[in-house]
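The structure under discussion appears below in the form of structure tokens.
Each chain gets a letter, A, B and so on, in the order the sequences are listed, and its residues count up from 1.
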There are 2 protein chains.
Amino acid sequence: MPTPDDAPNVANPDYWQFAQAAATRISQEFPECDVTANRLFVTLFRASSSVIYDFESSIHRPAGGTWASYRMLFALWVAGPLTPHRAAELMGMSRAAVSNLAGNLESKGLLVKQASEEDGRSLILHLTDSGQTKIQEVFARQNSRENDWSQALTEQERELLISLLDKIMDHRTAIGAKTRK
Amino acid sequence: MPTPDDAPNVANPDYWQFAQAAATRISQEFPECDVTANRLFVTLFRASSSVIYDFESSIHRPAGGTWASYRMLFALWVAGPLTPHRAAELMGMSRAAVSNLAGNLESKGLLVKQASEEDGRSLILHLTDSGQTKIQEVFARQNSRENDWSQALTEQERELLISLLDKIMDHRTAIGAKTRK
DNA sequence: TGGAAGTAATAAAACGTCTAACAACCTGCC
DNA sequence: GGCAGGTTGTTAGACGTTTTATTACTTCCA
């Protein structure tokens, strides 16, 4: 007898039902575990990666870029020229990742590395004119897609979601969460 | 004159303040854009990657695994033996990624690939005893860390956050979001 | 019965990320 | 001045992911 369409079939869940199915399954096997916490973070990761996947595949890949390259150009656009070190801090990635990414964007002519005059070890990453144009074009499309997604929520719910996520992040230091660097 | 400690310095934000700084900056340059939507998704991605980074670096790498390997073992533990195709669906990754990941886990003796009897093209992925033991150990630590993070919110807020994320995901089809496969 | 079309897993190439180790450079202290 | 120890960007090696192509098998239909 088939499961009705509106009742998630826990025995055979689809991608999004998986978080709920996992909660059901682990609470049977591991009664003392924190089922809500598990479901919360499974849901957070899946929401985040689903949205990123949509952005990357519908906007950035067709424009010849990637999610990572968008993030780098966006950071430089918003914050102005940055050292690789500072860019890594702002984007939450390792200096090695920035070095790699900056190399790729440089080879596409979207940014240039300029030697620092103050510190012989350091560089400054600048958007080129082409990079500037590119990020403005791509951001317009990205933001329009962000708007599409955000229609799922009321204005009040959007603010609420942001504040809940902020609240989790404010808790980072209290639990000694590992961070890059 | 220095910025007081409790006032985010928008000109020189840290990682977490970046979302707010970006919102301020783009609304100057791009007045017609949807600032809240941008801040919402920047915040979502950063919260998600910060938490994953903590999980991976404090739990999974020290245990000799990765975030991806945890996800695969968890899926097999929760759902039982799966074809690679079905595993890809449940984990939201491509079949190629599953093939690669399963190869690595097989070489560590955590799972085995068994030929399907019904379909000569297909396989079935099974946890080994060693894989079963491993996921139970690692899940206990993962869930404990999930609990630490979730202390940032009240029980009511946790349910609220889950339901807001669910609401966004329910909106996927309405906006024709790209999904894997 | 055969052939066309579809599906399963894998391989290849490109990219992104991490950690660890490196060379170049800076700073501070003797 | 000169050396110790820290910082900066980079490289190497490992892993994960994506898209595209390939090979093997299945299904369907004439």
Out of C:dA9, D:dT26, D:dT11, minimum distance to the side chain of B:D119 belongs to D:dT26
Margin query: Counting neighbours of CD on A:E117 that are heavy atoms of other residues, nucleotides or ligands and sit closer than 6.0 Å, is the number greater than 12?
Written below: no
Closest to the 5' end of DNA chain C, once A:K108 and A:G120 are matched to their nearest nucleotides, is A:K108
Practice prompt. Would you please confirm or rule out a distance under 4.0 Å between OP1 or OP2 of C:dT10 and any side-chain N or O of B:K113?
Written response: yes
Rounded to whole Å, CD of A:E56 lies from P of C:dC15 at a distance of 13 Å
- Check whether the ring centres of B:F74 and B:W67 lie less than 6.0 Å apart, and answer yes or no. no
Rounded to whole Å, the CE-C1' distance (A:M72 to D:dG9) equals 12 Å
Open item on the list: With a 4.5 Å cut-off on side-chain heavy-atom distances among I, L, V, M, F, W and Y, is there a chain of contacts connecting B:L110 to B:I124?
Closed with: no
Whole-Å distance, B:L105 CG to D:dT17 P, equals 11 Å
d(B:I175 CD1, A:Q151 CD) to nearest 0.5 Å is 9.5 Å
### Query
Under the 3.5 Å rule, do the base of D:dT26 and the side chain of B:R121 count as making a donor-acceptor pair?
no
From CG of A:D54 across to P of D:dT18 the rounded distance in Å is 14 Å
Assign each of A:E118 and A:S69 the nucleotide of DNA chain C bearing its closest heavy atom; nearer the 5' end lies the nucleotide of A:S69
In whole angstroms, the gap separating C1' of D:dT10 from NE2 of A:H85 amounts to 15 Å
Rounded to whole Å, the OH-P distance (A:Y70 to C:dG16) equals 16 Å
*At under 4.0 Å, does any side-chain N or O of A:S122 touch on OP1 or OP2 of D:dG9?*
yes
Separation of C:dC15 atom P from A:H60 atom NE2, nearest Å, is 17 Å
Between the protein and nucleotides 17-20 of chain C, are there any N/O to N/O pairs under 3.5 Å, and if so, what are the atom names and distances?
{"from": "C:dC18", "atom 1": "OP1", "to": "A:R180", "atom 2": "NE", "distance (Å)": "2.6"}
{"from": "C:dC18", "atom 1": "OP1", "to": "A:R180", "atom 2": "NH2", "distance (Å)": "3.2"}
{"from": "C:dC18", "atom 1": "OP2", "to": "A:S94", "atom 2": "N", "distance (Å)": "2.9"}
{"from": "C:dC18", "atom 1": "OP2", "to": "A:S94", "atom 2": "OG", "distance (Å)": "2.8"}
{"from": "C:dT19", "atom 1": "OP1", "to": "B:Y53", "atom 2": "OH", "distance (Å)": "2.8"}

Separation of D:dC15 atom C1' from B:L110 atom CG, nearest Å, is 15 Å
Mind checking whether B:F139 and B:W77 have parallel, tilted or perpendicular rings, split at 30° and 60°? tilted
Q. Are B:I52 and A:F41 joined in one hydrophobic group, where the rule is that I, L, V, M, F, W and Y side chains link up if heavy atoms are under 4.5 Å apart?
A. yes
| task | Would you check if A:L125 and A:V112 make a side-chain contact, meaning some heavy-atom pair closer than 4.5 Å? | result | no
Phosphate oxygens OP1/OP2 of D:dG9: is one of them under 4.0 Å from a side-chain N or O of A:S99?
no
